[in-house]
Structures are given as structure tokens and as C-alpha cells.
Amino acid sequence: MTNWEYARLEYRAAGTLGADRFMDWTATFHHPGGVLRWGTDERYDDLRHLNRAGAAGWQAYDRAAMHVHNEPHRLSSVTYSMRRPVP
């Protein structure tokens with residue numbers, strides 16, 4: 001039987017939801033050891049952060065996107081659920 005530890009990667013728009021199509025996005029990694037702020041990107045590019053988590057042995061198993069109700073249909077956050085086997 002495999003025991004897992006769980007984490008999540010939150011990728012959120014840091015800018016306003018106005019006409020700026022190159023909003024800043026912040027990456028925050030929550031894991032059993034605490035919270036790590038992984039920096040801010042000029043545009044939506046989560047692949048670098050997913051690769052960083054993958055290099056540490058984390059597997060993404062779920063993705064949840066959030067849109068703001070009654071606002072133009074723009075992505076405001078994405079949360080990746082992650083896990084890795086406990087040695």
C-alpha cells in the first residue's frame with residue numbers, strides 16, 4: 001500500500017480583470033512543510049511551475065479553474081492538486 005502526501009499549486013491572477021491581456025500571475029505552492037511563493041509571471045505560463053513540482057516528485061492529479069461570476073469570461077485562478085509517495 002502506498003502512503004501519499006498532498007500539496008497544491010495555486011496559480012492566481014495578480015492584476016486586475018480589466019483590458020490588460022498580459023496580467024501578472026503568482027504561483028504559490030502549499031505542501032506539508034509550509035507555503036512557498038514561487039514568483040510572478042508576466043503572463044499565464046504555469047508549465048515552469050508544474051515542471052518544478054514534478055522534479056521534486058509531485059504528480060498533478062486534478063486541476064480546478066475559477067472564473068469570477070458576473071465578470072467577463074476570464075480565467076482568474078487555477079489550482080492543481082498534487083501528491084507524491086511518502087518514502
Query raised in the report: Relative to each other, are the rings of Tyr6 and Tyr61 parallel, tilted or perpendicular (30° and 60° limits)?
Result: perpendicular
Query - Closest non-hydrogen atom pair between Trp4 and Arg84, with its separation - result: CE3-C, 3.3 Å
Query raised in the report: Charged N to carboxylate O under 4.0 angstrom, Arg83 versus Glu5?
Result: no
**Report entry** Atom pair CG/OG1 of Leu9 and Thr28 - distance to nearest 0.5 Å
**Finding:** 8.0 Å
Query raised in the report: So Arg8 and Asp62, side chain to side chain contact (heavy atoms under 4.5 Å, CB included) or not? Walk me through it.
Result: CA-CA 10 Å; Arg8 76 180 184 273; Asp62 190 26; over 6 Å; no
Query - Nearest-0.5 Å distance that lies between atom CG in Asp46 and atom CZ in Arg48 - result: 10.5 Å
Query raised in the report: Which heavy atom in Pro32 sits nearest to a heavy atom in Trp58, and how many Å separate them?
Result: CD-CH2, 4.1 Å
Report summary line: Of Met66, Glu10, His30, the one forming a side-chain contact (heavy atoms from CB on, under 4.5 Å) with Thr79 is Glu10
Query raised in the report: What residue among Tyr80, Tyr11, Phe29, Trp25 forms ring pair (Phe, Tyr, Trp, His ring centres under 6.0 Å) with His49?
Result: Tyr11
